[in-house]
Each structure stands twice: as structure tokens, then as C-alpha cells.
There are 2 protein chains.
Amino acid sequence: MEKVNKELNLSVIKAFKILEVYLNGKEVWGVRELAKKTGYNKTTTYRLLSTLESLDIVQKNDDDKYILGLKLFELGNLVSVYKSLRTFSRVPLEVIAKDIKETVHFGVLKNNQVLYLNKAESELGLKVSTQIGSYQQAYCTALGKVLLAFSSANVISDYLRNVSLEAFTSKTITTSKDLLIELEQVKTKGYALDMEELELGLICIAIPVFNKNKEVVAGVSVSGPSSRFKSENITSYLSIIKKGALEIEAHIRDYN
Amino acid sequence: MEKVNKELNLSVIKAFKILEVYLNGKEVWGVRELAKKTGYNKTTTYRLLSTLESLDIVQKNDDDKYILGLKLFELGNLVSVYKSLRTFSRVPLEVIAKDIKETVHFGVLKNNQVLYLNKAESELGLKVSTQIGSYQQAYCTALGKVLLAFSSANVISDYLRNVSLEAFTSKTITTSKDLLIELEQVKTKGYALDMEELELGLICIAIPVFNKNKEVVAGVSVSGPSSRFKSENITSYLSIIKKGALEIEAHIRDYN
DNA sequence: AAAATTGTTTCATAATACGAAACACTGTTT
DNA sequence: AAACAGTGTTTCGTATTATGAAACAATTTT
């Protein structure tokens with residue numbers, strides 16, 4: 001999305017830039033709104049939207065505003081990357097979310113970042129604004145820390161060489177030394193916590209998901225508001241999450 | 001996808017035509033294969049793929065072949081159309097599939113067709129080549145017949161006026177008169193069967209999913225090979241499917 | 001080794017995308 | 001009621017970009 005040079009198709013880039021506006025969570029956009037958000041001329045935007053509408057990639061609602069369409073949903077379901085992980089995590093995640101009444105995530109370490117493959121929300125809990133398929137920093141999320149902690153020393157040193165530990169909050173770990181200590185503790189305890197390191201008010205707890213060779217493949221995390229978090233909850237949270245993780249592990253023994 | 005006229009953006013159309021090739025289920029395509037399949041010049045195809053790759057809409061594997069990429073997965077997950085139905089059907093569908101050991105579908109009637117919103121496959125059962133998000137004829141599928149049978153007379157007469165009942169197999173219902181009789185029976189019995197009407201060798205059984213006003217919202221179907229189907233199975237199949245449908249109904253009482 | 005197949009690059013030009021301006025419509029303010 | 005503000009849609013001249021034939025590079029098959 002940054003390799004904008006002259007041999008790439010500019011119309012196609014523009015069309016996807018428009019679709020990417022929807023990543024912010026707002027479901028309904030007008031032509032002029034999208035033009036303003038993307039910086040494109042409104043006639044260009046209108047024409048691209050008309051094209052996308054003809055393809056059912058976007059749909060118009062009764063107010064002539066645009067929402068994403070079913071063809072995009074259909075195409076999105078064809079993506080085979082991490083397909084087995086996504087499939088096998090689906091039900092366990094929903095079960096954990098229902099049990100624990102908070103938002104549950106499942107993700108992997110990819111390109112030195114957490115990639116969220118699945119998410120299940122409780123009807124009761126805090127809605128967290130992560131998108132399935134999106135990336136987040138590893139060093140300040142419980143999920144990321146658990147994935148790093150159980151990775152090889154190569155992965156960790158590559159990570160520390162390439163990622164700058166910028167602060168999100170006053171509680172964010174911002175030195176390699178502190179992060180290494182934290183990862184060592186995570187590895188010892190078998191789980192990680194994010195105590196408002198990514199976002200003030202947000203607490204996460206995460207555990208690893210292993211293949212049969214005890215290599216970490218993925219992680220499961222539970223996110224909730226700090227106001228609902230108590231140290232006494234950790235043990236019961238962990239046992240619920242662990243049960244779900246074991247369910248996933250039963251299906252991914254050969255994953256590498 | 002048929003309104004090709006001069007004010008639509010032809011590059012964007014071409015890019016999505018390329019992506020649509022993946023709908024046939026093959027996950028890995030080379031440049032020349034895609035060019036041949038779409039009919040576009042191979043240089044054009046290569047350039048569009050390079051653009052899509054820069055957007056992470058497609059990814060190249062080690063053999064320089066293309067697979068669909070994670071950004072498409074991310075965008076697909078943003079689609080809000082039928083979102084609650086998709087969410088609430090997910091776990092019940094997986095439970096049915098595990099129980100019944102066949103492929104399970106969940107769909108709605110849209111534009112006089114079945115739109116598949118969810119699908120769950122058993123590890124053991126027949127893999128059916130439907131795509132989530134895709135459409136199928138209603139008159140020759142159990143799911144479609146159950147959706148029609150419990151719809152209003154207006155919906156049914158509109159359907160019969162606009163859809164031509166073409167034969168898929170020698171067992172397909174091809175007259176309005178026969179279809180109306182079938183739909184009456186479906187409504188009386190409370191479930192529908194597709195006895196090789198869509199595809200020889202394929203049997204489906206389906207039941208409706210209602211909202212609190214007893215309006216049909218969606219349907220659940222189970223598909224299996226005719227070799228495994230026995231009349232004695234119907235009752236036990238129905239009770240398993242019904243249990244899943246009730247789970248879904250508990251969440252969609254207000255859906256209309 | 002030669003032929004066939006693949007993916008990638010080059011270059012001239014035809015075609016298309018672009019955007020300013022106008023239009024049409026709806027809702028709000030004076 | 002008229003004026004204004006906001007929206008989505010259309011028009012038209014032209015600048016820009018997309019196109020495709022051909023060549024090149026690499027790999028696989030015969």
C-alpha cells in the first residue's frame with residue numbers, strides 16, 4: 001500500500017483505498033464523505049463506487065449511501081491463508097467468549113506483528129475495535145507477548161532488531177531489556193498480561209497454542225476493562241481459556 | 001457484473017474479474033492461467049496482479065503463483081450485510097456438522113435465490129463445493145424449497161413469475177404446478193428434501209428458521225451423498241438440525 | 001540440447017480516467 | 001417562500017494512463 005510507482009494500476013489502487021476506509025468501523029458512507037476521507041475528487045469517487053456497485057462489492061442503501069457488499073464477503077471467504085487455524089479456532093473462541101463474557105481473540109505472529117485471525121464477542125462484554133485480519137503491535141499486547149515468549153531466540157532477537165518499542169501509554173514497555181525480562185516471566189508462568197500497555201483501561205490475558213512439537217503456533221487472549229479485572233480472576237480465566245486452547249490444539253497437532 | 005457500459009471503470013472490473021476466478025475453488029493460479037481464464041492479455045493480467053499484490057489482496061507463493069491475500073480476508077470480514085445472522089448461526093452450524101457428520105448450510109432467500117451465509121463441514125463428510133456468499137437456485141434445493149414454502153403467497157407467485165424452472169437433473173421439478181404441490185407438502189411436513197434435483201447423487205434435507213412472529217428468516221440444510229441416505233435417518237437428522245435451528249432462533253427473535 | 005512453458009519488461013499509442021463545472025434534489029435556515 | 005447548504009449525478013474536453021505486441025529471462029519438459 002506504499003509501493004506507489006508508475007507501473008501499478010492507479011484506478012485499482014484508488015478503488016481499494018476507498019474500500020479500506022471501511023476499516024475504521026463505520027458501515028455507511030456517502031460519496032462526498034468517502035471523497036473527503038480518501039482525498040480523491042468526488043466525481044472520481046462516485047464513478048469508482050458505481051463500478052464497485054455494479055460488481056456487488058459495495059451496495060447502496062435507501063439513502064444512496066454505500067455499504068460493503070456481499071461479493072466482497074464471498075471473495076473474503078475464499079482466502080485460504082491460515083484457513084485451518086481460522087476454522088478450528090472458531091467454535092472454541094465462541095465458547096470462551098460465552099463463558100467468560102468478554103471479547104476473545106485468536107492470532108498468530110506474522111511480520112513481527114500480531115495478526116488477528118479470529119475474534120468472538122460476548123453479548124455482554126466490552127466491544128473491542130479490532131478487525132479480523134488486521135495487525136497489531138506484539139510487544140504491548142498479551143497475545144503478542146505470549147507469541148514472542150514461546151518463540152525461538154532467533155525470532156525474539158530479529159524482533160528486537162526490527163521493531164522500535166514506542167509507548168502507547170505510560171505503562172508500555174519501551175526498552176528491549178524490560179521486554180526480555182517480561183518475556184522470560186511470561187515463559188515461566190505460561191501466560192501473559194497486558195496491563196494497559198496498549199490502551200489505558202484495557203486489560204488482556206493470553207496463553208499460547210502449541211502444535212505437537214511444543215512449538216507455539218498461535219495464541220488466545222481475552223480482553224476486558226480494567227475496572228472488571230481482579231487478580232483473583234486470573235486463575236479462573238486461565239482455566240477457561242486453556243480449555244478452549246486445548247480444543248484448538250487437538251486439531252492443529254501437525255501445524256508448523 | 002453484467003452492466004458493462006462505458007462509464008464504469010474498466011480496470012477495476014478487470015481486477016475483480018481476476019479475483020472471481022478463485023471462486024471455482026482452485027487456490028493457486030499462475031499469471032498465464034489467469035489470463036487464459038479471464039480472456040485478458042497476459043501483460044494486463046500480470047500488471048493487475050502486481051497491483052493487487054502491492055495491496056495484499058493477492059499474495060505470491062514461492063513458485064511465483066498467486067493466492068488470495070489477507071487484506072481481502074480483512075475487508076471481507078467488514079461486510080455488515082446479514083452480520084447478525086452469520087454470527088448467530090456459526091456455532092450451531094458447527095455443532096450440527098460435528099453431530100451429523102455431513103456438510104451443513106445456513107442461508108436466506110435473496111433475489112429469488114438461496115444465498116449461503118454459512119457452512120460447516122464435518123471432517124468426515126462429503127465436501128460440497130458451495131461458497132459462503134454465493135447464490136444457488138431455490139426450486140431444486142431443500143434449503144430453497146423450505147424458504148419458499150414458508151414465505152407468503154406474494155413471494156411465491158413473484159418467484160414463479162420470474163424464475164424459469166430449468167432442469168439440473170432428470171429429477172428436477174420443472175413445472176410451477178409440481179413446485180406448488182411440493183411447497184405445500186413442505187409446509188405441511190415442516191421440512192424439505194432435495195432428492196437429487198440439483199445434482200445426481202446429492203441429497204439434502206432442510207428446515208426453516210423463524211423469528212418470533214413465525215416468519216421464516218433463514219433455513220438450515222444438511223447435504224450428503226444419496227448412498228448414505230436412508231428414510232430412517234430423517235427423524236434423527238431432523239431432531240439434530242432442529243436443535244441447532246432453535247439455538248439460532250433464540251438469538252434472532254426480532255429479526256425481520 | 002532443443003523446445004515449450006512460465007513470469008517479467010519495454011515502448012508506442014489508443015483508450016480511458018480524470019476533474020471542473022453544471023445540474024438535480026433534499027433538507028435547513030432566514 | 002426564498003435562499004442557502006448539503007447531497008448525489010451528469011457532462012465534456014483533454015491529460016494521463018492502460019493497453020498489448022514483442023522481446024527478454026528463467027524454468028521445465030521433451
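Convention: sequence-line order gives letters A, B, ...; per-chain numbering from 1. In this text, all values refer to a predicted model and were calculated from it rather than measured experimentally. FYI, side chains are in, hydrogens and waters are out, and symmetry mates aren't considered; it's all heavy atoms of this structure.
Sequence neighbours left out, not one pair with a member in residues 36-48 of chain B passes salt bridge (Lys or Arg N to Asp or Glu O under 4.0 Å). Applying the ring-ring contact (aromatic ring centres under 6.0 Å, His included) test to pairs two or more places apart or on separate chains, those with a residue in residues 114-134 of chain A are A:H105-A:Y116. Sorted by first then second residue, the ring-ring contact (aromatic ring centres under 6.0 Å, His included) pairs that include residues 54-85 of chain A, not counting sequence neighbours, number zero. Pairs of residues two or more places apart, or lying in two chains, that qualify as salt bridge (Lys or Arg N to Asp or Glu O under 4.0 Å) and include a residue from residues 103-120 of chain B are B:K119-B:E121.
Note: CG (A:L48) to P (C:dT16) measures 15 Å, nearest angstrom. Protein atom CG of A:L10 is 13 Å distant from nucleotide atom C1' of D:dA15, rounded to whole Å. For A:L8 and C:dT8, the CG to P distance is 13 Å, given to the nearest whole Å. Residue A:K36 contributes atom NZ, which lies 10 Å from atom P of D:dG6 at whole-angstrom precision. The nearest whole Å value for the distance from the OH atom in A:Y40 to the C1' atom in C:dC18 is 13 Å. Rounded to an integer number of Å, the gap from A:L34 CG to D:dG6 P is 18 Å. Distance, A:N41 CG to C:dA21 C1': 11 Å, rounded to whole Å. Between the CG atom of A:L49 and the P atom of D:dT9 there is a distance of 9 Å, given to the nearest Å.
Applying the side chain to side chain donor-acceptor pair (under 3.5 Å) rule to A:K26 yields the partners A:E33; only residues at least two apart in sequence or on another chain are considered. In this structure A:F210 satisfies the ring-ring contact (aromatic ring centres under 6.0 Å, His included) test together with A:F150, sequence neighbours excluded. Legend: residues meeting side chain to side chain donor-acceptor pair (under 3.5 Å) with A:T103, ordered by chain and number and at least two apart, are absent. Applying the side chain to side chain donor-acceptor pair (under 3.5 Å) test to B:T43 and every residue at least two apart in sequence or in another chain returns B:N41. Judged as a side chain to side chain donor-acceptor pair (under 3.5 Å), and not counting sequence neighbours, the contacts of A:N211 are A:E215.
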List, with names and distances, any nitrogen or oxygen atoms from the protein found under 3.5 Å away from nitrogen or oxygen atoms belonging to nucleotides 23-29 of chain D.
| residue | atom | partner | partner atom | Å |
| --- | --- | --- | --- | --- |
| D:dA23 | N6 | B:K42 | NZ | 3.3 |

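Within the 4.0 Å cut-off from OP1 or OP2 of D:dT9, at least one side-chain nitrogen or oxygen of A:K60 is found. Residue B:Y46 places at least one side-chain N or O closer than 4.0 Å to OP1 or OP2 of C:dT8. When the side-chain nitrogen and oxygen atoms of A:K14 are compared with OP1 and OP2 of C:dC18, one or more of them lie within a distance under 4.0 Å. Side-chain nitrogen and oxygen atoms of B:T44 include at least one within less than 4.0 Å of the OP1 or OP2 phosphate oxygen of D:dG20. A close approach under 4.0 Å does not occur between any side-chain nitrogen or oxygen of A:N9 and OP1 or OP2 of D:dT17.
The nearest heavy atom of DNA chain D to A:E33 and to A:S11 marks one nucleotide each, and the one closer to the 5' end goes with A:E33. Both B:T43 and A:R47 sit near DNA chain C, but only B:T43 has its closest nucleotide nearer the 5' end.
The bend of the helix from C:dA1-D:dT30 to C:dT30-D:dA1, defined by the angle between the axes of its first five and last five pairs, stands at 30° to the nearest 10°.
At the heavy-atom level, B:Y66 lies under 4.0 Å from the strands shown only through sugar-phosphate atoms.
Between the CG atom of B:L8 and the CG atom of B:L10 there is a distance of 7.5 Å, given to the nearest 0.5 Å. Remark: A:L198 CG to A:Y139 OH distance equals 8.5 Å, nearest 0.5 Å.
Annotation: cation-pi geometry satisfied between A:K14 and A:Y40 (NZ/CZ under 6.0 angstrom from ring centroid, within 45° of ring axis).
Within residues 21-30 of chain B, the residues approaching DNA chain C are B:G30, by heavy-atom distance under 4.0 Å.
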